[in-house]
Amino acid sequence: MIDKLNDPQRDAVTLPAQHALVLAGAGSGKTRVLTTRMAWLIQTSQVSPLGILAVTFTNKAAREMVARVSAILPIDTRGLWIGTFHGLCNRMLRAHHRDAGLPQAFQILDTADQLAAIKRLLKANGVDDDKYPPRDVQRFINGAKEDGQRPGDVEAYDSFRRRLIEIYTLYEAQCQREGVVDFPELLLRAYELLSRHAPIREHYQRRFKHILVDEFQDTNTLQYKWLTLLAGGGAHLFAVGDDDQSIYAFRGANVGNMADFERDYAHGTVIRLEQNYRSFGHILDSANALISHNTGRLGKNLWTEQGEGEQIRVVEQPTDLLEAQWLVEEVRGLISDGRDRSQIAILYRSNAQSRVIEHALFSSGVPYKVYGGLRFFERQEIKHALAYLRLMANLDDDTSWMRVVNFPPRGIGARTLELLGDQSKAYDTSLSAAVARVPGKGGSNLAQFSSLIQRLADETRSLPLPELVEHVIEQSGLVGHYQLDREGADRIENLRELITAAAAFVAESDMGGLPAGEVVQTAGAQEPMQEGFDGLSPLMAFLSHAALEAGDNQAQAGQDAVQLMTVHAAKGLEFDAVFITGIEEGLFPHENSILEQAGLEEERRLMYVAITRARERLYFSLAQSRMLHGQTRYAMRSRFLSEVPEEHLKWLTPKQGLSDSEPRWKSSGAGFDPYARQGSVKRAPAVSQSASYGVTVGNQHFRVGQGVRHGRFGEGTIFGLSGSGLDAQAQIQFRDVGAKTLALGVAKLDIIQG
DNA sequence: TCCAGGCCCGTTTTT
DNA sequence: CGGGCCTGGA
């Protein structure tokens, strides 16, 4: 089990029972160490499988961990506490719902459900949603929860904030009344459950002897507190992470947890995994050099035994269109050289960049797959079906009620729903309980909807889950509705897929043909077996599953298509050949992040993640201009480009900048010339630098990279230009006052050089 | 109830 | 430029 590990890996795996921090660089065998550690602890009888808790961020990572542990050791994986933070918290809350103050059948709101609930709340309470946009309210509430704060804990330093806190209070009351819980609430409730109920806390503290945490750099404040509480009875925390790959600060992750953990728990027991098994030397050294520009790192230097490999190929094109065309030609070359399409990844900083690239790939008939976007359980028709299912389990779920009360249309209009809302507010009841008080035709339509839900519940009581789902999508009218819709075929197919998903869920959960409404009882068990099944009907379990696992979105091997995704989405993946595109100042690093050091450093970590995805071949590409927000923008080369030493780079376009006398595209070498097959050397359409590369306002001509002087801000350098004429704007990095965006038609600037 | 057209906005995203 | 959302009119 441990003889194939390198020294630091073995040290980590066989560490005596104590707290430890493992700094695991990209491609250094992190998952292997985690899973082997678990297997080793079990095999050497230091702990039973049930005494281990392992927590990850994604379901995929959790599944992989279970698979790999059980591949090493033939253990019963059921009952193991290996899962995501949210999944494990859900499991605890189901088991102790009474102490947690929740109905056993509480429903989980995903981000979209939560936003809908907040909109409804703001409307019902007459809150001005210009002053309090639902999204901001959502961010406020979730931010507070992720810091472990209830409304009473949030500091109210002005009236605006006081109002937000009131809304937070109202929101909590609404959720409680409806029996629903949002994502951060799962964590906060579970935390409060443990901190307020000593017997429960002590039970879990006694039970878990070893707590292993994956991707520790991504934990937020509340998650850290939750771990602290669980480990409070003497459990050993084994935290694995990489501070250089912390790219989720924007959603609450606190890299500082790593340093805190080292100080408070590990006490210097830090193991570094620095041998990389993925990439060749030039690639790794580039990553090391780049990341060394960050401050406050825990420190780590990746190395490999694989040799230098190839340099990073760098290409600069005049426009984003030409960048995309070049990408396609190069990708075709790689494919005709015999590379697997699925082993080629095109990465970008922001989703908007994918359009041009997709267009170019599509035009050339190169198969590609874009990751990101809607997942299965987030599709409109699936959410509609789930809303019916949720209402059958809990009529008080107003979010689900509103979603389908008039879908398919059944003559219940805005006026009727307004009356219903008034009634529910006046008597402080759920919408469904207020139906009887709405008079007239609207009232009777509402009553019919209520009885439809009732009927669905009655008719399916003894059906197995897949048949229940089938009955509901038919009898709710959803299938019929989409049959009348010209473009409804895909949606019907997805609804059928939901039946399949239910069947798969039943099979995986080992539920046999139990009726969907029947509760599973595991004899004598104090805790749910998995995903909160114990004491839950299959339907309830399936609904939890649907909320906690919206479906796979991450790339998976085997698809015979070029892989397109954001750098964020590529984290954890690896490819033989990687293109990092749009390496321009303002785009990567993104303009919204460069004003503050913390933001810039996160962008640099993002670039570090991108570089370390590549096994053999890596490309950097950039465009001097690109269409953004309907305007042409000019940008400088990213600073990240100059943070990679020249010796690792191989410029395929002139490093000195483009000139009309040189071909813009050169062969990348290694047996591939995009034009060799076409018999002639083609040139990109000529773009004369002096004529169009820049913006003219009045009698001044501005260009990227130019030095300018401003009366108030002083001297600076133009790093971005967009628009033309009176709309023209320049992004300028001033020496003393930082970056500013100025309207060139208004600002008075002197050109001082360039 | 439905749809067209106007308007606004524009980084990254898992649970 | 393009997508999502809202509103107003039929």
Side-chain angles (χ1 to χ4, degrees), chain A residues 55-62 83-90 108-115 119 129-130 133-135 139 142 145-146 181-188 190 214-215 218-220 222-223 246-253 320-321 347-356 359 371-375 377-378 380 406-417 445 485 544-554 565-572 582 586-594 599 602-603 605-607 609-610 626-633 722-723:
Chain A
V55 60
T56 64
F57 278 86
T58 67
N59 293 296
K60 188 186 170 205
T84 63
F85 279 100
H86 293 83
L88 296 175
C89 288
N90 175 52
I108 300 165
L109 299 183
D110 69 16
T111 309
D113 295 333
Q114 185 192 26
L115 188 64
K119 282 181 182 165
D129 55 6
D130 280 334
R135 265 171 212 291
R139 188 153 12 102
N142 290 350
K145 288 185 179 183
E146 278 158 12
V181 165
D182 58 43
F183 284 135
E185 182 75 19
L186 282 171
L187 300 182
L188 183 51
D214 190 18
E215 305 275 19
D218 290 338
T219 50
N220 63 33
L222 180 56
Q223 286 158 340
S246 163
I247 55 173
Y248 286 113
F250 72 91
R251 66 176 196 211
D320 51 346
L321 261 77
L347 309 183
Y348 33 81
R349 174 66 180 83
S350 67
N351 287 302
Q353 287 168 254
S354 77
R355 239 191 60 250
V356 178
H359 182 78
Y371 293 89
L374 269 199
R375 292 174 300 171
F377 284 107
E378 292 167 350
Q380 183 206 99
N406 195 39
F407 194 94
R410 44 177 73 89
I412 298 170
R415 182 73 198 127
T416 302
L417 290 175
N445 285 344
D485 186 340
S544 292
H545 168 80
L548 289 174
E549 190 162 359
D552 239 347
N553 217 359
Q554 255 213 330
M565 67 194 86
T566 62
V567 178
H568 282 92
K571 189 175 165 214
L587 191 61
F588 200 179
H590 196 275
E591 55 183 326
N592 295 357
S593 306
I594 51 184
E602 179 145 323
E603 296 288 307
R605 291 191 292 269
L606 201 49
M607 186 68 181
V609 167
R626 72 175 60 237
M627 211 39 160
L628 205 67
H629 310 334
Q631 285 186 325
T632 303
R633 276 176 47 138
S722 64

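Just so we're clear, the structure is a prediction, and the values are computed from it rather than from any experiment. We name chains A, B, ... by the order of the sequence lines, and we start the count at 1 in each one.
Rounded to whole Å, the distance from NZ on A/Lys119 to P on C/dG4 is 13 Å. Remark: C1' of B/dT13 and NE2 of A/His86 are 12 Å apart, rounded to the nearest angstrom. Summarising the geometry, the separation between CG on A/Asp320 and C1' on C/dC1 is reported as 11 Å, rounded to the nearest angstrom. Rounded to an integer number of Å, the gap from A/Phe407 CZ to B/dC2 C1' is 13 Å. Straight-line distance from the CD atom of A/Gln380 to the P atom of C/dG4: 12 Å, rounded to whole Å. The CG-P distance, from A/Leu548 to B/dT13, rounds to 20 Å in whole Å. In this structure, the CG atom of A/Asp182 is 21 Å from the P atom of B/dT13, given to the nearest Å. Counting to the nearest Å, the P atom of B/dT14 and the CG atom of A/Asn142 are 15 Å from each other.
Nucleotides C/dC5 and B/dT12 place their C1' atoms 23 Å apart, quoted to the nearest Å.
Among the atoms of the strands shown, none is found under 4.0 Å from any heavy atom of A/Leu109. Counting any heavy atom pair closer than 4.0 Å across all strands shown, A/Phe183 reaches a base atom.
A donor-acceptor contact closer than 3.5 angstrom links the side chains of A/Asn142 and A/Gln114.
A/His86 has its ring centre no less than 6.0 Å from the ring centre of A/Phe57.
Ionic pairing of A/Arg349 and A/Glu603 is present here: one or more N-O contacts between side-chain nitrogen and carboxylate oxygen are shorter than 4.0 angstrom. A salt bridge does not link A/Lys119 to A/Asp129: none of the charged nitrogens lies less than 4.0 Å from a carboxylate oxygen.
Of the two residues contacting DNA chain B, namely A/Asn59 and A/Gly411, the nearest-nucleotide position lying further toward the 5' end is that of A/Gly411.
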task = Would you please test A/Asn220 and A/Glu146 for side chain to side chain donor-acceptor pair (under 3.5 Å) and show each step?
result = CA-CA 7 Å; A/Asn220 63 33; A/Glu146 278 158 12; 4.6 Å; no
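The environment of A/Arg135 atom CZ is sparse: at most 12 non-hydrogen atoms of other residues, nucleotides or ligands sit within 6.0 angstrom.
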Review item, nucleotides 6-12 of chain B N/O atoms under 3.5 Å of protein N/O:
unit_1 : atom_1 : unit_2   : atom_2 : d
B/dG10 : N3     : A/His629 : ND1    : 3.2
B/dT11 : O4'    : A/His590 : NE2    : 3.1
B/dT11 : O2     : A/Arg349 : NH1    : 3.1
B/dT11 : O2     : A/Arg349 : NH2    : 2.2
B/dT12 : OP1    : A/Asn351 : N      : 2.6
B/dT12 : OP1    : A/Asn351 : ND2    : 2.7
B/dT12 : O4'    : A/Arg349 : NH1    : 3.0
B/dT12 : O2     : A/Arg349 : NH2    : 3.2

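Interatomic distance, CZ of A/Phe183 versus CG of A/Asp113, reported as 8.5 Å (0.5 Å rounding).
A sub-4.0 Å separation between OP1 or OP2 of B/dT15 and a side-chain N or O of A/Arg375 is present.
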